[in-house]
Amino acid sequence: MAVEKRLAFSIVQFLRDQTHCGALNSDEQESLEVAIQCLETTFKINSSDCHLAVPQPLTEIFLNSLLKNDNITVPETSPSPEDIERAEQLKNEGNNHMKEENYRCAVECYTKAIDLDIRNAVYYCNRAAAHSKLGNYTEATGDCERAIGIDPTYSKAYGRMGLALTAMNKYPEAISYFKKALVLDPENDTYKSNLKIAEQKQKEASSPIAAGLGFDMASLINNPAFISMAASVMQNQQVQQLMSGMMSNAVGGPAAGVGGLSDISSLIEAGQQFAQQIQQQNPELIEQLRNHIRSRSFSGSAEEQS
């Protein structure tokens with residue numbers, strides 16, 4: 001039971017640190033305090049049991065394990081002043097590549113900086129931004145996790161995590177990270193804007209009609225490529241019959257009964273069929289349009305690197 005008590009004591013210490021970091025709202029903080037009380041009661045420990053403390057904080061142990069799983073050798077000592085200086089130079093080079101939109105070279109520079117100083121949250125966060133620009137959203141979220149693990153108060157890491165998750169259509173998780181970023185940096189207009197975008201996309205994703213294509217049709221109606229594709233789809237005989245039936249029912253008005261445009265379920269079904277036709281007609285262009293809209297949707301494009 002001694003090992004379990006020491007582990008529980010470390011977890012309680014971690015939870016207490018989280019309540020003081022300023023990244024939680026009142027409800028989340030209250031939940032952690034309840035969790036602390038439950039753990040202390042269950043394992044019969046309290047804050048005065050200093051003999052149960054371990055040499056490293058739980059976050060440090062976790063970070064070391066995470067880096068080892070990435071096949072990175074964790075140095076036992078801090079980097080030398082020369083390594084720190086060189087790492088900063090590489091970071092600055094990476095920032096310049098980002099400004100020039102040379103994102104692959106930016107990733108390389110940030111990776112070299114990390115090799116010299118693997119405990120610097122800024123390098124992981126900047127590399128996450130470069131990965132996102134390349135569409136490597138899984139890699140971006142991994143780097144954001146590492147940055148947050150090193151510095152749980154680093155608001156930019158939460159913001160960039162939110163951007164990557166939104167690009168992956170994981171809107172609830174993205175909203176949560178944007179909110180955490182705003183707790184740490186309440187006046188940041190970029191976080192506020194991106195939070196609103198993620199919330200709007202979450203609403204659109206829950207719409208039965210929007211679900212057919214995976215994005216908002218209103219974003220495409222002025223796109224020439226989409227208009228051309230839609231015109232081509234309208235030449236399809238099945239689509240023509242579908243639209244003809246909808247118009248006939250519309251002329252019939254409410255008296256047309258079930259199946260008329262007054263029947264919202266019929267309208268939704270028609271919209272879904274239309275979306276499926278478009279998807280079948282040119283799935284490659286649909287994917288291109290989706291990526292185009294996604295890349296233009298956020299306020300992070302002008303964001304400065306650290």
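Owing to the predicted nature of the structure, the values given are computational and were not obtained by experimental measurement. Sequential numbering from 1 along the given sequence is applied to the chain's residues.
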Taking the basic N atoms (NZ, or NE/NH1/NH2) and the acidic carboxylate oxygens, is any pair closer than 4.0 Å for K170 and E173?
no
Quick one, Y123 with E88, criterion side-chain contact (heavy atoms from CB on, under 4.5 Å). Give me CA distance, side-chain angles, the key distance, then yes/no.
CA-CA 9 Å; Y123 303 159; E88 279 295 301; 2.7 Å; yes
Might you point out which heavy atoms bring G94 and A106 nearest each other, and give the distance in Å?
O-CB, 3.6 Å
Test side-chain contact (heavy atoms from CB on, under 4.5 Å) applied to L15 and T19, step by step:
CA-CA 6 Å; L15 296 180; T19 62; 5.7 Å; no
More than 12 heavy atoms of other residues, nucleotides or ligands under 6.0 Å from CD of E33: is that the case?
yes
CG (N25) and OG (S31) are apart, to the nearest 0.5 Å, by 8.5 Å
Taking every non-hydrogen atom, the tightest pair across G162 and F178
C-CZ, 3.3 Å
Between atom CG of L182 and atom CG of D189, what is the distance when rounded to the nearest 0.5 Å?
9.5 Å
Option passing side chain to side chain contact (heavy atoms under 4.5 Å, CB included) with Y191 (candidates K156, K196, K179)
K156
Nearest heavy atoms of Y158 and P152, plus distance in Å:
OH-O, 2.7 Å
Answer yes or no: is there a donor N or O on one side and an acceptor on the other, between the side chain of Y124 and the main chain of R119, under 3.5 Å?
no
Gap between atom CZ of F9 and atom SG of C50 - 0.5 Å precision:
5.5 Å
Checking side chain to side chain contact (heavy atoms under 4.5 Å, CB included) against Y103, which of E108, H97, H131, K133 comes through?
K133
Residue from M161, R127, R160 passing side chain to side chain contact (heavy atoms under 4.5 Å, CB included) with D143:
R127
With sequence neighbours left out, what residues match E93 under side-chain contact (heavy atoms from CB on, under 4.5 Å)?
R86, L90, C109
Within 45° cone of Y177 ring axis and under 6.0 Å: K180 NZ or CZ
yes
Donor-acceptor pair, distance only, cut-off 3.5 Å: does the side chain of N136 make one with the backbone of S132?
no
Rounded to the nearest 0.5 Å, how far apart are CG of L184 and CG of D151?
9.0 Å
Is there a donor-acceptor contact under 3.5 Å from the side chain of D49 to the main chain of H51?
no
Between S193 and T190, is there a donor-acceptor pair closer than 3.5 Å when you use the side chain of the first and the backbone of the second?
no
d(Q13 CD, I45 CD1) to nearest 0.5 Å is 9.0 Å
State the OH-CG distance between Y110 and N120, to the nearest 0.5 angstrom.
12.0 Å
Around K192, counting heavy atoms of other residues, nucleotides and ligands shown, do more than 12 lie under 6.0 Å from its NZ?
yes
Find out whether N126 and N95 are in side-chain contact, i.e. whether some heavy atom of one side chain is under 4.5 Å from a heavy atom of the other.
yes
Distance-only, no hydrogens or angles: does the T141 side chain make a donor-acceptor pair with backbone N or O of T138 under 3.5 Å?
yes
Applying side chain to side chain donor-acceptor pair (under 3.5 Å) to Y171 and E204, what does each step give before you reach the verdict?
CA-CA 11 Å; Y171 306 124; E204 292 169 2; over 6 Å; no
